[in-house]
Amino acid sequence: MSSNLEKTYNHHDVEGRWNSAHWESLGTFDAESSRVIEGDKASYTVLMPPPNVTGSLTLGHVLNHTLQDIFIRYQRMSGREALWLPGTDHAGIATQTVVEKKLRKDGVSRYDLGRKEFLEHVWKWRDEYGGLILKQLRTLGISCDWRRNLFTMDEGASSAVRHAFVSLYRDGLIYRGKRIINWCPVSQTALSDEEVIMKPRKDKLVFVRYALAKRPGEYITIATVRPETILADVAIAVNPEDPRYRDLVGELAVVPIAGRHIPVIADEYVDIDFGTGALKITPAHDPNDFEVAGRHNLPVLSVVGRDGKMIDEFGYAGLDRFEARERITEDLESRGNLVKVEEYEHNVGYSERADVVVEPYLSEQWFVTMKPLAEKALEVVNDGQIRFHPSHWISTYRHWMENIRDWCISRQLWWGHRIPAWYDQEGKIWVAESYEDACHLAGTDKLVQDEDVLDTWFSSWLWPLTTLGWTGKDEDNKDIQAFYPTDTLVTGPDIIFFWVARMIMAGLYFKGDVPFRDVYFTSIIRDMKGRKLSKSLGNSPDPLKVIDAYGTDALRFTIVYIAPLGQDVLFGEEKCEFGRNFATKIWNAARLVFMQREKVFGSSDAFSDLYQGFTPESASLSDAQQWITGRYQEMLGSYHKAFAQFRMNDITRIVYDFFRGDYCDWYLETLKIELDGERDETKNRHAVCLAVYLLEGILKVLHPVMPFITEEIWHHILERDSSESIAHAAMPQAVEGWSDDMPKHFSSVQKIISETRSLRAVFGVPHDMKASLVVSAPEESARRIVTANAHIVTRMTDCSVTIEDGDLPRPPHSASSVVDGNELFMPLEGLISFEKEIARLEKEADNISSYVTRMEKKLSNKGFVDNAPDEVIEGERSKLADAKSNLGKVQASLEVLCN
RNA sequence: GGGUGAUUAGCUCAGUUGGUUAGAGCGCUACCUUGACAUGGUAGAGGUCAGAGGUUCGAAUCCUCUAUCACCCA
C-alpha cells in the first residue's frame with residue numbers, strides 16, 4: 001500500500017524532494033524537435049523574458065515566471081511538446097556600472113585598464129555572479145529546458161546580432177547621423193527615447209529680457225527653465241500669428257552675457273500661450289529647437305559637455321549644469337536682464353539606470369529607421385495574428401507604432417555587442433559581419449572599428465530567434481522548424497515598446513513570420529498601500545524569504561490568485577497565508593482519503609488493481625457521488641475555458657472553490673458517513689476509488705500552479721518511481737454532457753442540511769443536544785430523496801430525521817423553514833423563547849412579501865410581458881410562485897407560534 | 001494637452017454576452033477541539049454597486065457627463 005502522508009505538511013521537505021536538480025538530471029522538461037517533426041506532437045513554446053544578468057529575484061519575476069510555468073505545464077499535460085526557453089541578457093549599462101563601481105573601490109577606472117582588460121573583468125564578474133538569478137529562479141520550481149539556456153553575449157547570439165545589423169544596414173534601415181539624442185551624463189552614453197523616464201519636477205521658470213540691437217531701450221522677454229543654455233541661443237522665435245511680436249520679426253536681439261546678436265524669427269512651433277509667447281532657440285540643447293534651427297538655417301552651439309558640465313567661453317566652464325543655472329540667474333539679475341522668476345512644475349526626462357536628468361545632446365549616433373518596420377508590426381496586431389491579453393494594450397501599442405521615431409542603437413559603452421562598422425583612412429564607413437569581410441569590401445586592411453556597442457535591446461529583439469539557435473547565417477535548423485513561431489509570451493506592460501514591439505518587428509523582418517501568437521501582460525505588483533515596489537522605499541519583500549516562510553507553492557498560488565488580468569496587484573507577505581492554508585488543506589484532505597483507502601482496502605495491490613481501471617461511469621453512484629462528479633465535470637469545463645481565455649486568476653479561483661466548497665466541505669463529509677454506514681464491500685471500494693479519482697483530478701488541474709505538493713501527493717496515490725512526474729500525466733477533460741444528464745438530488749439535501757444547521761444556530765440549540773427534524777414533503781420524489789439521504793442529514797445536523805407527507809399539521813412549538821417547497825420543523829419544546837422565533841419569522845415574511853410585491857409588479861408590467869423572452873418570463877413566474885408558497889408557509893408558522 | 005484603465009461589504013477583489021433578494025477571501029461576532037485539517041469547522045452581522053442624467057419592460061452590467069485615483073505618451 002502506498003503509505004499515507006506525514007501528519008503535518010512540511011513544505012521544506014516536499015519542495016526539497018522535487019527540486020529542479022532532480023528533474024534536470026532526468027531531462028523531464030527537455031523538449032525535442034524530433035518529437036514534433038518526426039512524431040506527430042504539436043509544439044508549444046514559451047520564451048522567458050531574459051532577466052537582467054545583474055538582477056536578483058523579485059516578486060515581479062515570481063508572478064511572471066509562475067504564469068509562464070502554468071502555461072507550459074498545462075500544455076505539456078495536454079499533450080504538446082512543451083518548450084520553455086530560458087536565458088539572461090547582458091544588460092549593457094547596468095553590468096558595466098556594477099563592474100566599474102567594483103573597480104573604483106580599488107582605485108581603478110576602466111580607462112586605466114583599457115578596453116580588452118576591462119572586458120575580461122566583466123566576463124569574470126558575470127561568471128561569478130551572473131548565475132544568481134538563474135539559481136533563484138530554479139527555486140520557483142519552473143520547468144524550463146535549462147540545456148538551452150542562452151546569454152545574449154554568447155557566440156551564436158552575437159553572430160545573430162552582427163548579421164541583423166548588417167542586413168538592416170544593407171537594406172537602408174540603419175544609418176549613422178548627427179542628431180540630438182538623450183544623453184546620460186553619469187553613464188556618459190546615448191539612450192533611446194524609451195530609456196528616458198518622464199518625472200514631474202519643480203523648477204524655476206525664469207523670465208529674461210533680451211535687448212533689441214537696433215531699438216535702444218526696447219526688449220523682448222522670453223521664459224525658460226534652462227537659463228544656463230542662454231549662452232548657446234541662436235534665435236528668438238515667436239508665433240507668426242502672435243500680434244504682440246509681429247513687428248519684431250527680423251529684428252536682432254542681444255544674448256545676455258554672451259553679447260551675441262541673434263535674429264527674432266517666426267515659427268509656428270511656438271505656443272502663444274506659454275510664458276511670454278517668445279521662445280529662445282537653443283538647437284544643441286533641445287530637440288524641438290534643433291528642428292526649428294534646421295528650418296531656419298541657424299547654427300548650432302553647445303555649452304554643456306558630455307559630463308553635464310559647462311563648456312562655454314563666458315566663465316562658467318567646468319561648472320555643473322545645475323550650478324551654472326543658479327549662477328547665471330544671479331548674473332542675469334545683476335545685469336538687469338532678469339524680469340521675474342516663477343515656480344514651475346513640469347515633466348523632465350531622467351535616465352532609467354542612473355536616475356539623473358538626461359541632457360539633450362548633439363552627437364553622431366547609429367539609428368534604425370523604424371517606420372517601415374512599425375507598419376508591418378502594427379498590421380499583425382491589428383488583424384489578430386498576434387493577440388494581446390488584456391486586449392486594451394493594443395491601443396497603447398498602436399499609438400506608439402503610429403508615432404514612432406527612429407531608434408538610437410549606439411551606446412558609448414564597452415560592454416555589449418560592438419558595432420560591426422569600420423572606418424577607413426578617409427573616414428568612409430564599411431559595415432560587415434567581420435573585420436576580414438570589411439577589409440575585403442574596403443580593399444584595405446587599414447580599418448578602425450567603431451568604438452561603440454549596441455543597445456542591449458538590439459540583441460533582445462532577436463530573442464525568439466537566437467534562443468532557437470538562429471545565427472542569421474544558416475538555413476532554418478530543426479528547432480526553428482519545430483518551435484517557431486513561439487506561442488505565448490508573458491511579460492510586463494512596462495516593456496511593451498522596449499521589447500515586445502521590437503521582437504514583432506524583428507520576427508517579421510528576419511523570419512517573415514510573427515515571433516509569438518499571444519502576449520499576456522502581467523499585473524504590476526505594488527505594496528499594500530499601492531506604491532510601486534522599490535529598493536529605496538524598502539517595500540519589496542524578498543521572495544526567497546517568503547518562500548522559506550510559506551513555501552513556493554503557497555507563494556505561487558497566492559500571487560496568481562490575487563493578480564487579476566490587467567490590474568495592479570497589492571501584495572503583502574501575509575497574503576501568502578492564504579496559499580499556505582490552502583496547501584495544508586489539500587494535504588489534510590489527501591490524508592483523510594488515504595486513511596479511508598487503508599481502512600477499506602487491505603493491500604496495495606487490491607487498491608491499485610481496482611483503481612487503475614476505475615472511472616465514475618463504471619460505478620453505480622449515490623446521490624452525493626453523482627453530485628460531486630457532476631460538479632467536477634463543471635469545474636473542468638470552466639477550468640479549460642478560463643485557460644483558453646487567458647483568465648489565469650480565475651483558474652486558481654475555480655479549482656479553489658471546487659476543492660474547498662464542494663469536495664472538502666460536502667463530499668468528503670458524506671464519504672465518511674457513507675463508509676461508516678455501508679456494509680457492502682463493493683460499494684465501499686467504489687466510494688474510495690471515486691474519492692481518489694477526484695483527488696487525482698484535482699492534483700492534475702492544480703499541478704500547473706502548485707507543482708510541488710501535487711507531485712508529492714500524486715506519488716502517494718499509487719506506487720510510482722521517483723523518475724515519474726505528474727507533469728507528464730494527462731490533463732483531465734470534461735465529459736460532454738455528463739452534468740446535464742445527472743440528477744441533482746443531492747443539492748436539495750444540501751439545502752435541507754444548511755437550513756437545519758442555520759435553525760439550530762439561530763435558536764441557540766446547544767451543540768451537544770440532539771434535536772429532531774421533521775421534513776414535510778408534499779412530493780413523493782422529494783420524500784424518496786430525503787429518505788435515501790437521511791443518515792447524511794442526521795450526521796451533518798445532529799438531528800434525528802422524520803419524513804412526512806405534506807399534510808402534516810405543524811408540530812407544536814417548532815422552529816420552521818421552507819426549502820424547495822418542503823417544510824422543515826424543529827420542535828423547540830422548552831428550549832427557546834418564542835419571541836425570538838416570531839421575530840425571525842416576521843422579518844422573513846417581510847422580506848418575502850416585499851419580493852412578492854416587486855415580482856407581481858414586474859409581471860403585471862405589460863412592457864415586460866410583451867418584450868422579455870419567454871423563458872425569462874417563465875423563470876420570473878416560477879420564482880413568484882415559489883416565493884408566494886414560501887410566504888404562505890412562513891405565515892402559517894407564525895400563526896401557530898402566536899397562538 | 002492626448003490616451004488607457006479603475007471606482008462594488010471595514011480591507012482586497014469576483015460578478016462571463018443587460019433578467020439573483022449583488023458574491024468570495026481576509027477581518028469581525030457567536031458557537032465548536034473524540035480520528036484529515038484550529039494553517040480547521042458551523043452559523044451570523046455587514047453593501048443606495050463613486051455621483052448625476054439617459055437608453056430599456058428591466059442597469060452593478062450599455063451610453064453621456066462629473067468627481068476622485070492610477071498608469072502610459074507628449
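Chain identifiers are assigned alphabetically (A, B, ...) following the order of the sequence lines, protein sequences preceding nucleic acid strands; residue numbering begins at 1 within each chain. Quantities reported herein were computed from a predicted structural model and do not represent experimental measurements. Any value given below was found using the heavy atoms of this structure, including those in side chains, with hydrogens, waters and symmetry copies removed.
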Exercise for the section: Apply the test ring pair (Phe, Tyr, Trp, His ring centres under 6.0 Å) to residues A/F582 and A/F578: give CA-CA distance (whole Å), side-chain angles for both, the deciding distance (0.1 Å), then the verdict. Expected result: CA-CA 6 Å; A/F582 184 51; A/F578 180 68; 7.2 Å; no

Completion exercise
Its contact letters, B for base, S for sugar-phosphate only and - for none at protein heavy atoms under 4.0 Å, make nucleotides 68-74 of chain B read --SS-SB

Determine the contact category for [X]: base if any of its heavy atoms lies under 4.0 Å from a base atom, sugar-phosphate if only primed atoms, P, OP1 or OP2 are that close, otherwise nothing.
X	value
A/E669	base
A/R580	base
A/K672	base

Exercise for the section: Classify the glycosidic conformation of B/rU33 as syn or anti, calling it syn when the angle lies within 90° of 0. Expected result: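 Here B/rU33 takes the syn form, which means its glycosidic angle is within 90° of 0.
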
Whole-angstrom distance between [N] and [M], as gauged at atom [atom1]:
N	M	atom1	result
B/rA14	B/rC49	C1'	13 Å
B/rC26	B/rU64	C1'	37 Å
B/rG46	B/rG1	C1'	44 Å
B/rA6	B/rG15	P	11 Å
B/rG51	B/rG58	C1'	22 Å
B/rA59	B/rC37	C1'	44 Å
B/rU61	B/rU55	P	15 Å
B/rU42	B/rU4	P	46 Å

Practice task
Give me the ring orientation class for A/F521 and A/W393: parallel if the planes are under 30° apart, tilted from 30 to 60°, perpendicular past 60°.
Solution key: tilted

Rounded to the nearest angstrom, tell me the gap between atom [atom1] in [X] and atom [atom2] in [N].
X	N	atom1	atom2	answer
A/N588	B/rG41	CG	C1'	13 Å
A/F582	B/rC37	CZ	C1'	14 Å
A/E856	B/rC57	CD	C1'	17 Å
A/K751	B/rU20	NZ	C1'	13 Å
A/Y269	B/rG1	OH	C1'	13 Å
A/R653	B/rU16	CZ	P	13 Å
A/Y667	B/rA36	OH	P	15 Å
A/L570	B/rC26	CG	P	18 Å

Exercise for the section: Give the C-alpha distance, both sets of side-chain angles, the deciding distance and a yes or no for side-chain contact (heavy atoms from CB on, under 4.5 Å) between A/V196 and A/Y350. Expected result: CA-CA 5 Å; A/V196 176; A/Y350 283 72; over 6 Å; no

Exercise for the section: On RNA chain B, check which nucleotide each of A/A590 and A/I753 is closest to and give me the residue with the more 5' one. Expected result: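 Taking each residue's closest nucleotide, the earlier one in sequence belongs to A/A590.
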
Problem - First of A/D650 and A/Y656 reached from the 5' end of RNA chain B, by closest nucleotide - result: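 Going by which nucleotide is closer to the 5' end, it is A/D650.
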
Problem - NZ or CZ of A/R757 within 45° of A/W666 ring axis and under 6.0 Å - result: yes

Practice task
With A/R179 as the cation and A/F290 as the aromatic partner, state whether NZ or CZ is under 6.0 Å from the six-membered ring centre and within 45° of the axis.
Solution key: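 Negative - A/R179 is either too far from the ring of A/F290 or too far off its axis.
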
Practice task
Run the salt-bridge test on A/R502 and A/E194 with the 4.0 Å N-O cut-off and return the result as yes or no.
Solution key: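 Yes, charged N to carboxylate O under 4.0 Å.
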
Just compare [options] and give me whichever is closest to any side-chain atom of [X].
X	options	answer
A/H767	B/rC13, B/rU16, B/rC31	B/rC31
A/S395	B/rA36, B/rU4, B/rA43	B/rU4
A/Y561	B/rU39, B/rA24, B/rA43	B/rA24
A/L668	B/rA36, B/rU12, B/rG40	B/rA36
A/A761	B/rU12, B/rG40, B/rA43	B/rA43
A/R591	B/rU42, B/rA36, B/rU4	B/rA36
A/S758	B/rA14, B/rA36, B/rG44	B/rG44
A/H392	B/rG5, B/rU42, B/rA36	B/rG5

Problem - Below 4.0 Å: OP1/OP2 of B/rG35 and any side-chain N or O of A/K599 - result: no

Completion exercise
Between A/M706 and A/G579 the two heavy atoms that sit nearest each other are CE-O, 4.2 Å

Please list, one pair per line, the donor and acceptor atoms closer than 3.5 Å that link side chains of residues 644-659 of chain A to other protein atoms, with sequence neighbours excluded.
residue: A/Q645; atom: OE1; partner: A/R647; partner atom: NE; Å: 2.7
residue: A/Q645; atom: OE1; partner: A/R647; partner atom: NH2; Å: 2.7
residue: A/R647; atom: NH1; partner: A/D650; partner atom: OD2; Å: 2.5
residue: A/T652; atom: OG1; partner: A/N649; partner atom: O; Å: 2.6
residue: A/Y656; atom: OH; partner: A/R660; partner atom: NH1; Å: 3.2

Practice task
Determine whether the side chains of A/H12 and A/D548 contain a donor N or O and an acceptor N or O closer than 3.5 Å.
Solution key: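 There is such a pair (donor and acceptor under 3.5 Å, judged by atom type) between the side chains of A/H12 and A/D548.
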
Practice task
Using only heavy-atom distances, determine whether the side chains of A/Y269 and A/N288 contain a donor-acceptor pair under 3.5 Å.
Solution key: yes

Applying a 3.5 Å limit to both distances, which nucleotide forms a Watson-Crick or G-U wobble pair with [N]?
N	answer
B/rG19	B/rC57
B/rA24	B/rU12
B/rC71	B/rG3

